[in-house]
Amino acid sequence: MAKYMDVHHGMKGITKEQLMAAHKADLAIEGDEKVHFEQAWADPSSGTVYCLSEAPSADAVMRIHERTGHPADEIHPVPLMV
């Protein structure tokens, strides 16, 4: 499976607790699309959130995020990591 980095904008002021709740919501249903969300990061000042996942497709990642109420604004394949 491929890795993806998705980006969410407009989450200015997000707290650690809110980020954890959003991540847990994704984890609760990720298996429906054979996605695994590995980690999430946030910059509360800019309102940008990043999520790293392993998934069969970017569409699968998008469907999970849409179902949990926080659709991604961008999804990028990550073909190379060090």
Side-chain angles (χ1 to χ4, degrees):
M1 277 204 277
K3 293 228 189 248
Y4 294 92
M5 178 69 70
D6 62 76
V7 184
H8 306 258
H9 299 288
M11 299 180 87
K12 195 169 189 141
I14 190 169
T15 65
K16 182 177 182 178
E17 293 76 21
Q18 290 169 322
L19 179 62
M20 180 60 75
H23 185 63
K24 284 183 177 181
D26 291 331
L27 294 176
I29 63 168
E30 68 182 11
D32 293 353
E33 296 281 349
K34 297 182 174 66
V35 173
H36 175 58
F37 289 96
E38 297 179 3
Q39 196 160 2
W41 301 265
D43 176 5
S45 298
S46 71
T48 307
V49 172
Y50 305 91
C51 302
L52 180 66
S53 62
E54 188 172 73
S57 69
D59 288 339
V61 173
M62 181 59 83
R63 286 190 294 270
I64 294 297
H65 278 320
E66 286 175 345
R67 287 177 54 199
T68 56
H70 46 271
D73 296 300
E74 306 168 34
I75 300 178
H76 304 276
V78 182
L80 182 64
M81 294 176 62
V82 293

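Because the structure is a prediction, the values reported are computed rather than measured.
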Gap separating the [atom1] atom of [X] from the [atom2] atom of [Y], nearest 0.5 angstrom:
{"X": "Asp59", "Y": "Glu66", "atom1": "CG", "atom2": "CD", "answer": "9.0 Å"}
{"X": "Gln39", "Y": "Ser53", "atom1": "CD", "atom2": "OG", "answer": "12.0 Å"}
{"X": "Lys24", "Y": "Thr68", "atom1": "NZ", "atom2": "OG1", "answer": "14.5 Å"}

* CE/Met20: more than 12 non-hydrogen atoms of other groups inside 6.0 Å ->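 No, the 6.0 Å shell around CE holds no more than 12 heavy atoms from other groups.
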* In sequence, state the C-alpha distance, the side-chain angles, and the governing distance for Glu38 and Lys3, and then conclude on side chain to side chain contact (heavy atoms under 4.5 Å, CB included). => CA-CA 10 Å; Glu38 297 179 3; Lys3 293 228 189 248; 2.5 Å; yes
* To do: Determine, step by step, whether Met11 and Leu19 satisfy the side chain to side chain contact (heavy atoms under 4.5 Å, CB included) criterion, reporting the C-alpha distance in whole Å, the side-chain angles of both residues, the deciding distance to 0.1 Å, and the verdict.
  => CA-CA 10 Å; Met11 299 180 87; Leu19 179 62; over 6 Å; no
* Could you tell me whether the side chains of His36 and Glu54 share a donor-acceptor contact shorter than 3.5 Å? =>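 Absent: no donor and acceptor within the cut-off.
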* To do: Flag the pair His70 / Asp26 as yes when at least one side-chain heavy-atom distance between them is below 4.5 Å, and no otherwise.
  =>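 The answer is yes, as the side chains (C-beta and beyond) meet within the 4.5 Å cut-off.
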* Asked: Within a strict 4.5 Å, meaning less than it, do heavy atoms of the Tyr4 and Met62 side chains meet?
  ->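 No, side chains not in contact.
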* Do the side chain of Asp73 and the main chain of His9 share a donor and acceptor less than 3.5 angstrom apart? ->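 Checking the backbone N and O of His9 against the side chain of Asp73, a donor-acceptor pair under 3.5 Å is found.
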* Does one hydrophobic cluster hold both Val61 and Met81, with members joined at side-chain heavy-atom distances below 4.5 Å? ->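 Different hydrophobic clusters.
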* Do Leu27 and Val49 share a hydrophobic cluster, counting only Ile, Leu, Val, Met, Phe, Trp and Tyr and linking them when any side-chain heavy atoms are less than 4.5 Å apart? ->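 No.
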Looking at every heavy atom in both [X] and [Y], which two are closest together, and how far apart are they?
{"X": "Lys34", "Y": "Pro56", "value": "O-CD, 3.2 Å"}
{"X": "Lys12", "Y": "Ser45", "value": "CE-O, 3.2 Å"}
{"X": "Ala58", "Y": "Ile75", "value": "O-CD1, 3.4 Å"}

* To do: Please assess Arg67 against Ile64 for the test side chain to side chain contact (heavy atoms under 4.5 Å, CB included), listing each intermediate value before the final yes or no.
  => CA-CA 5 Å; Arg67 287 177 54 199; Ile64 294 297; 4.2 Å; yes
* Between Phe37 and His65, what is the ring plane arrangement, given parallel below 30°, perpendicular above 60°, and tilted in between? ->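 Tilted: the ring planes of Phe37 and His65 meet at 30° to 60°.
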